[in-house]
Participant: 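The structure follows.
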Amino acid sequence: GNSVTQMEGPVTLSEEAFLTINCTYTATGYPSLFWYVQYPGEGLQLLLKATKADDKGSNKGFEATYRKETTSFHLEKGSVQVSDSAVYFCALLYSTLTFGKGTMLLVSP
Amino acid sequence: EAQVTQNPRYLITVTGKKLTVTCSQNMNHEYMSWYRQDPGLGLRQIYYSMNVEVTDKGDVPEGYKVSRKEKRNFPLILESPSPNQTSLYFCASTSDTDTQYFGPGTRLTVL
């Protein structure tokens, strides 16, 4: 079946540091890939998505590139802010949506 | 404003007492779903609905029921709640571009 594997957290960074959260997937076909963000006490919000190989999704300074050869969709940001502290979920869509377990990001001033 | 609403946001109940969590969306989406979120397990899909009167089981449907009598509403029913259903529940609706819109969540405690 389909599955998503994310790096375990928490990821702890200082403000302005570079962020990478790894995500790899297993799917029987060619899924669409997503990153969702969950701020404390809230539901999930779509951060970015990519629908085919080599697509790059980007939003709010975050980027992720759909790599079919490595079945990966790593999330990156060049300079994190305290307000980026949240839980990040990688997900794939192939008939149904499958989520990873989430990675907590903590950014300190 | 486009949104998914859930009620109640917080609920404490006792084992065996039937409850319903309501979910409503104002975006005219056909596809809606329910998830539960548990520490270390991420989000797991309970049930989904592709349209009115069409519902199907997700990954963890045991102990839950749903109905879809109208497009905007997708209530989650626990006929006889048990402590292992203590969790954070999210309703979501999906757009034509496959973006999911989540409700704010319902934190349920079953004693």
Side-chain angles (χ1 to χ4, degrees), chain A residues 1-10 21-27 29-52 55 57-60 64 66 73 75 86-105, chain B residues 1-10 21-25 27 29-50 54-61 74 76 87-108:
Chain A
N2 300 330
S3 67
V4 176
T5 302
Q6 291 180 235
M7 58 190 293
E8 286 193 28
I21 300 178
N22 290 335
C23 170
T24 56
Y25 67 90
T26 303
Y30 298 103
S32 294
L33 300 173
F34 303 81
W35 276 101
Y36 283 85
V37 59
Q38 183 179 30
Y39 297 104
E42 297 183 13
L44 280 73
Q45 304 171 26
L46 178 67
L47 182 58
L48 53 85
K49 68 178 184 182
T51 57
K52 61 183 188 299
D55 268 3
S58 61
N59 185 26
K60 299 181 182 178
Y66 190 141
F73 193 54
L75 182 68
V87 180
Y88 293 82
F89 291 90
C90 185
L92 71 83
L93 176 64
Y94 190 75
S95 75
T96 61
L97 192 63
T98 301
F99 285 91
K101 293 184 179 179
T103 303
M104 179 177 288
L105 170 65
Chain B
E1 180 192 351
Q3 61 181 350
V4 177
T5 57
Q6 294 179 229
N7 281 292
R9 293 289 312 277
Y10 302 91
V21 184
T22 64
C23 172
S24 183
Q25 51 98 359
M27 295 167 278
H29 292 160
E30 293 183 348
Y31 190 104
M32 297 183 72
S33 48
W34 275 102
Y35 296 88
R36 60 179 289 173
Q37 184 179 16
D38 301 289
L41 297 176
L43 273 83
R44 295 178 292 167
Q45 191 180 54
I46 302 170
Y47 267 94
Y48 63 95
S49 169
M50 298 184 76
V54 180
T55 63
D56 211 343
K57 296 177 181 178
D59 298 320
V60 288
F74 189 43
L76 179 70
S87 187
L88 180 57
Y89 292 87
F90 289 100
C91 180
S93 70
T94 304
S95 72
D96 291 342
T97 56
D98 294 328
T99 297
Q100 291 220 329
Y101 294 82
F102 284 82
T106 295
R107 187 167 291 282
L108 172 66

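Here is how names work: the chains are called A, B, and so on, in the same order as the sequence lines, proteins then strands, and each is numbered from 1. None of these values were measured; they are calculated from a predicted model.
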Participant: Side chain from CB out, backbone as N, CA, C, O: work out which of these in B:Gln37 comes under 4.5 Å of a heavy atom of chain A, or both, or neither.
Facilitator: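 Looking at B:Gln37, just its side chain touches chain A.
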
Participant: Mind listing the closest non-hydrogen atom pair of A:Leu46 and A:Leu48 along with its distance?
Facilitator: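 That closest heavy-atom pairing would be CD1-O, 3.6 Å.
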
Participant: Which heavy-atom pair separates A:Phe89 from B:Gly42 by the least distance, and what is that distance?
Facilitator: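 Minimum heavy-atom contact is CE2-CA, 4.3 Å.
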
Participant: One pair to check against side chain to side chain contact (heavy atoms under 4.5 Å, CB included): B:Cys91 and B:Met32. What are the steps and the verdict?
Facilitator: CA-CA 7 Å; B:Cys91 180; B:Met32 297 183 72; 3.9 Å; yes

Participant: Can you confirm whether A:Met7 is buried at CE, in the sense that more than 12 heavy atoms of other residues, nucleotides or ligands lie under 6.0 Å from that atom?
Facilitator: yes

Participant: Which answer fits A:Leu44, side chain, backbone, both or neither, if we ask what part of it has an atom under 4.5 Å from a heavy atom of chain B?
Facilitator: both

Participant: Under 4.5 Å from any heavy atom of chain B, what part of A:Gln38 do you find: side chain, backbone, both or neither?
Facilitator: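 The side chain, not the backbone.
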
Participant: Are any non-hydrogen side-chain atoms of B:Tyr35 and B:Tyr48 less than 4.5 angstrom apart?
Facilitator: no

Participant: Does A:Tyr30 have more than 12 heavy atoms from other residues, nucleotides or ligands lying within 6.0 Å of its OH?
Facilitator: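 No - once you tally the heavy atoms of other residues, nucleotides and ligands closer than 6.0 Å, there are 12 at most.
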
Participant: For residues 98-105 of chain B, give me every residue with a non-hydrogen atom less than 4.5 Å from any non-hydrogen atom of chain A.
Facilitator: B:Asp98, B:Thr99, B:Gln100, B:Phe102, B:Gly103, B:Pro104

Participant: Side chain from CB out, backbone as N, CA, C, O: work out which of these in B:Arg9 comes under 4.5 Å of a heavy atom of chain A, or both, or neither.
Facilitator: side chain

Participant: When you measure from the side chain of B:Gln6 to the backbone N and O of B:Tyr89, does any donor-acceptor pair fall under 3.5 Å?
Facilitator: yes

Participant: Side chain, backbone, both or neither: which part of B:Thr97 has an atom under 4.5 Å from a heavy atom of chain A?
Facilitator: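 Both the backbone and the side chain of B:Thr97 come within 4.5 Å of chain A.
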
Participant: For residues A:Phe99 and A:Gln6, determine if any side-chain heavy atom of one lies less than 4.5 Å from a side-chain heavy atom of the other.
Facilitator: no

